[in-house]
Amino acid sequence: MRRRSFLAAAGAGGVAALAGCTGGGDGTATEGGTEAGSETGGDTGTDGTTTGTAGGEVPELVVGTYGAFVDAPSTSPGPWLKETFESEFDATLRYETPDSEVNYYIERALRNVDIPADLYVGLDVNMLIRIDENLDSGLFAPVDGLDRRDTVKESLEFDPRGRAVPYDTGYICIVYDETFGDGGFTAPETFDGLLREQYSGDLLTQNPISSATGKAFLLHTIKAKGEDGYLDYWGNLQENGVRVLEDWTTSYTAYSNGEAPMVVSYSTDQVYAHEEGEDLAKHQLRFPNGQGYANPEGMAMFEGTDRPELARTFMDFVLRPEVQAEIAVRNVQYPATTTAELPESFARYAQEPPEAVTFNYDTLRDNLSEWTSAWERQFVGN
Amino acid sequence: MSGPPRGNGSSSGTSVRRAVDALRRWGERRALTAVALLTALVLGLLFYYPVGTVFVDAVYAGGEWTLGPLADVLTDPFYREIFRFTAYQALLSTAASVALGLPGAWVLARFDFRGRETLRSLTILPFVMPSIMVAIGFVATFGRTGTLNAVLGALGLPEVTLLYSLPAIVVAHAFYNAPLVTRVTTAVWESVDASAVETARTLGASPRRAFRDVVLPQLLPAIAVGATLTFIFTFASFPIVLALGGYQLATVEVFIYSRVQNLAFAEAASLAVVETALSLGLTYGYLRYEARMSSSGRGARPQRRRPLWPASWTQRAAATRLAVAGYGVVVLLVFVAPVASMLLASVTGPQGGFTLDHYLFLLERQQTGTSYQVRPLTAVRNSLVFGLGTLALALPMGVVTSVLTTRDFRGRKVLDALLMAPLTVSGIVVGLGMLRGLVFGTVVFGTRIQVTGALAVVAAHAVGAYPFVTRTVAPLLGGLDPRLVESARTLGASRVRALLDIELPLVAAGVVAGAAFAFAISIGEFDSTVILAEGSSSYTMPVAVQRYLGRRLGPATAMGCVLLAVTGLSFVVIERFGGRTGGRGGF
């Protein structure tokens with residue numbers, strides 16, 4: 001009776017599934033640490049972090065970050081960082097890459113669930129604002145006592161409360177394809193130029209609500225056109241056929257397939273194109289109005305960490321000149337410090353904008369959600 | 001038929017066996033109830049509870065109950081317009097999916113040709129394609145410099161610009177959903193009783209008339225299932241809309257996503273509540289229709305299929321074959337070209353030359369990848385294990401649900417609609433609820449109860465998958481002659497035995513179709529997989545595709561091809577295996 005035994009097996013499997021479910025956290029233990037802390041720490045809530053390692057064992061630093069930082073198919077800085085850090089210090093480094101990135105930790109804090117991570121790497125100003133709008137506590141603790149704190153470029157500092165320490169930055173600009181159509185395509189030099197008839201349907205950008213590059217481009221237009229002028233500008237841009245897609249990957253794919261000759265992207269575009277042996281004519285850069293919008297990434301230490309010393313050691317390590325250079329190359333971003341020793345190929349193919357622009361924390365905190373929602377209502381409503 | 005062997009009681013050695021038999025009969029009597037309870041438990045724990053935690057945000061704010069957020073959404077003309085547009089594009093997408101899917105069912109059900117069964121199995125493949133891959137394939141096929149324009153150009157025709165418009169969204173939705181229409185309709189078409197058609201023909205009906213009066217009424221419920229599901233899915237569509245339409249064609253789901261991203265939960269939940277209410281209402285409407293439509297007395301002898309290459313070329317035969325050929329061209333363009341583009345991208349280097357680098361990357365990642373990186377073989381293994389687990393759980397759940405809901409009792413349609421709810425709630429909301437309610441857990445008597453890990457992933461997949469089993473089995477089950485079960489029961493068979501020995505073999509086509517769906521749902525599922533498998537090694541093939549995206553697409557497309565190959569093979573196996581054990585001739 002094959003069918004009956006099948007049903008019996010299925011029934012047993014189902015019961016096992018549920019038993020497993022209520023047991024909680026089964027199968028989630030990863031190498032090194034156990035997750036015991038997160039299962040039973042419910043009653044205390046705040047101070048119970050993972051790794052209940054007894055004295056004498058190698059301490060573990062848990063670093064939350066975004067997936068591409070450890071797992072991009074090209075070169076992600078994560079594995080190198082872990083290896084180098086562990087080879088020098090008496091500690092292990094464990095990565096956590098929640099799908100919803102920093103929102104995951106905000107959610108945990110909102111629900112009074114303890115946070116197992118010690119550090120977060122990959123914070124930008126928008127996330128910081130989201131944290132401050134939703135949590136009374138800042139989620140992260142201010143960082144002091146770093147030896148190399150003052151080597152970080154002043155212009156990249158984005159947290160007035162000193163929690164986020166910038167470790168790299170991207171400059172967002174327009175990448176264009178000289179070979180498009182019959183060849184000889186050039187992107188306009190100004191924002192107004194994008195409105196010209198000849199560029200109709202030529203620009204791809206990204207959703208300013210969920211994509212970092214898309215948000216940077218919207219903010220750049222607000223910089224250029226002012227709070228009172230950006231909506232009109234976008235109205236004209238829309239009339240001229242700008243396309244706002246979901247994320248960087250979809251828009252860049254469409255661009256690579258010759259769908260449009262211009263895409264909003266990073267000014268380090270050529271570094272990667274060069275490494276891959278691609279035709280650089282398809283990776284030309286244009287800084288509209290001679291400006292690039294800076295979007296620095298930072299690292300920060302969770303308030304509840306029980307390893308603040310180790311976390312600070314890690315941050316200092318990341319700010320070292322040679323580590324800064326390595327992160328820049330592997331993450332294809334600019335270093336955040338003045339002391340990084342960049343290899344020649346990077347210096348040659350990455351371009352810094354003539355003028356870097358960005359909104360500071362306070363301005364964004366007061367305006368960001370209004371700006372984006374007004375934009376959204378106008379752009380979608382049309 | 002083999003009922004449990006009955007001992008005659010004279011031998012003392014049979015007492016043990018008698019006890020076992022008694023136990024087995026007791027088990028059989030309780031089996032339906034047990035699976036029903038299990039279904040309720042899994043549903044409550046992995047669907048209603050988590051989704052409830054999100055929906056509460058829509059009606060509970062600042063420590064009190066309120067209708068404010070809901071009223072805000074309902075009275076905002078901007079959102080009304082968004083809902084209107086969302087419904088409009090879903091309607092167009094549904095029409096396109098049915099138009100594209102029905103001829104497929106006709107070809108698969110009524111023609112015989114080499115590879116028919118394999119082709120039939122593979123119709124479910126689009127269902128598992130990660131949306132990013134579909135977007136990539138569509139840009140390459142329908143884009144400015146894509147395949148379609150190359151073909152048009154070669155024929156001296158003007159080029160078309162299809163991308164970033166409503167038609168692009170509609171065609172992509174048809175890519176996903178037309179195969180669904182094809183599958184559910186084929187399953188029913190294949191169980192149309194040949195004798196009914198023959199009777200009509202003997203009574204003087206033309207083939208067309210016989211089709212209209214005998215076959216079509218039986219197909220309509222299946223077509224309606226396909227159309228309803230397509231509408232519900234495309235109503236909640238989001239990645240495809242943004243990737244191929246752009247933000248100016250945003251749907252409700254896009255806004256839910258963006259509100260969740262900004263942690264504006266009250267607004268997100270309100271939008272989701274309205275969206276779900278509309279989808280559930282539609283489901284309820286469909287179920288009422290289905291109940292009216294189900295016909296009884298379906299027999300067991302399927303119609304004979306025609307050879308694709310006719311014995312003699314009459315005018316009629318030629319015209320039919322021309323139609324099949326024309327449909328083949330459309331299929332090539334809409335289904336094969338995007339998938340072929342992905343295949344091509346996986347073996348193309350940055351300069352356009354042939355390369356195996358991307359597959360080498362997969363090998364290399366397999367060998368040297370660290371524990372926190374995604375390894376291809378682990379992803380393949382997890383996907384298959386979860387898929388089989390989902391089958392084992394969703395198949396009984398779905399079959400029992402369809403038995404329950406084909407019985408007559410008050411409030412049956414409401415219950416049925418509630419059981420279908422996993423299809424109608426947006427993936428983002430389910431994901432968010434799982435994160436808050438299950439991954440973070442709840443404190444009960446000082447202990448935090450959490451639900452994570454591989455078993456939770458399987459259970460979550462089963463929740464999403466079993467409605468497909470129900471919806472492919474229930475209409476067929478409802479159409480069976482109730483006297484079949486009654487006589488079996490009179491002869492002493494338990495309800496379970498009657499189901500296993502009489503009903504299921506008669507609706508085997510539906511069960512196998514449902515099984516394939518369950519497997520496909522599990523393979524393609526993304527949201528709850530990443531959330532419930534958080535921090536563990538329980539990632540699947542679509543997760544790997546997502547992780548391998550970067551500045552170059554090669555590794556992701558290579559992984560996408562692995563996904564297609566593995567799942568394609570699995571579907572063929574499921575349907576061949578299912579076909580054998582189903583014990584139905586011609587299937």
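Side-chain polar atoms of A:Glu376 and B:Tyr247 form a donor-acceptor pair below 3.5 angstrom.
To the nearest 0.5 Å, atom CZ of residue B:Phe440 and atom OH of residue A:Tyr104 are 5.5 Å apart. If you take CD on A:Glu246 and CD1 on B:Ile240, they are separated by 11.5 Å, rounding to the nearest 0.5 Å. From A:Phe180, atom CZ reaches atom CZ of B:Arg144 across 4.0 Å, with rounding to the nearest 0.5 Å. Here the OH-CG distance, from A:Tyr252 to B:Leu549, works out to 14.0 Å after rounding to the nearest 0.5 Å. For the atom pair A:Glu107 CD and B:Phe265 CZ, the distance stands at 4.0 Å (nearest 0.5 Å). In this structure, OG in A:Ser100 is found 8.5 Å from CG in B:Leu432, a value given to the nearest 0.5 Å.
Heavy-atom distances place the side chain of A:Asn134, and not its backbone, under 4.5 Å from chain B. With a 4.5 Å cut-off on non-hydrogen atoms, B:Val543 does not touch chain A at all. If you measure heavy-atom distances from A:Ala68 to chain B, you find no contacts under 4.5 Å at all. Of the atoms belonging to A:Ile129, not a single heavy atom falls under 4.5 Å from chain B. Heavy atoms closer than 4.5 Å to chain A are found in both the backbone and the side chain of B:Ala243. Contacts between A:Asn126 and chain B at a heavy-atom distance below 4.5 Å are absent for every atom of the residue. Neither the backbone nor the side chain of B:Leu438 comes within contact range of chain A, judged by heavy atoms closer than 4.5 Å. When heavy atoms are compared at a cutoff of 4.5 Å, B:Phe138 does not approach chain A at all. There is no contact between B:Leu362 and chain A, counting heavy-atom distances below 4.5 Å. Only the side chain of B:Ile132 comes within contact range of chain A, judged by heavy atoms closer than 4.5 Å. With a 4.5 Å cut-off on non-hydrogen atoms, B:Tyr164 touches chain A through its backbone and its side chain both. There is no contact between B:Arg375 and chain A, counting heavy-atom distances below 4.5 Å. For B:Glu81, no part lies under 4.5 angstrom from a heavy atom of chain A. A:Val102 does not touch chain B: none of its heavy atoms, backbone or side chain, sits under 4.5 Å away. Contact annotation for B:Leu263: both backbone and side-chain heavy atoms come within less than 4.5 Å of a heavy atom of chain A.
B:Asp76 and A:Arg377 are joined by a salt bridge, as a carboxylate oxygen and a charged side-chain nitrogen come within less than 4.0 angstrom of each other. A salt bridge does not link B:Arg547 to A:Asp99: none of the charged side-chain nitrogens sits closer than 4.0 Å to a carboxylate oxygen.
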Residues B:Arg448, A:Val113; criterion side chain to side chain contact (heavy atoms under 4.5 Å, CB included); working and verdict: CA-CA 10 Å; B:Arg448 189 169 285 279; A:Val113 185; 3.8 Å; yes
Step-by-step side chain to side chain contact (heavy atoms under 4.5 Å, CB included) determination, B:Leu553 to A:Thr249: CA-CA 9 Å; B:Leu553 288 171; A:Thr249 306; 4.1 Å; yes
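Of all heavy-atom pairs between A:Asn257 and B:Thr145, the closest is O-OG1, 2.7 Å. Of all heavy-atom pairs spanning B:Gln373 and A:Ser76, the tightest one is NE2-OG, 4.5 Å. The two atoms that bring B:Val139 and A:Glu259 nearest to each other are CG1-OE1, 4.2 Å, heavy atoms only. Residues A:Ser210 and B:Tyr257 approach most closely at CB-CE2, 3.9 Å, considering heavy atoms.
Remark: the backbone N or O of A:Phe379 is not paired with any side-chain donor or acceptor of B:Gln248 at under 3.5 angstrom. Under a 3.5 Å cut-off, the side chain of A:Asp71 and the backbone N or O of B:Val374 do form a donor-acceptor pair. With hydrogens and angles disregarded, no donor-acceptor distance shorter than 3.5 Å links the side chain of A:Arg130 to the backbone of B:Asn262.
Counting heavy-atom pairs under 4.5 Å between each of A:Gly67, A:Ala72, A:Pro79, A:Gly258 and chain B puts A:Pro79 at the top. Your options are B:Pro350, B:Pro555, B:Gly246, and the one with the most heavy-atom pairs under 4.5 Å with chain A is B:Pro350. Between chain A and the options B:Phe238, B:Phe361, B:Phe85, heavy-atom pairs under 4.5 Å are most frequent for B:Phe361. Of the listed residues (A:Leu245, A:Asp247, A:Thr250), the greatest number of heavy-atom pairs within a distance under 4.5 Å of chain B belongs to A:Leu245.
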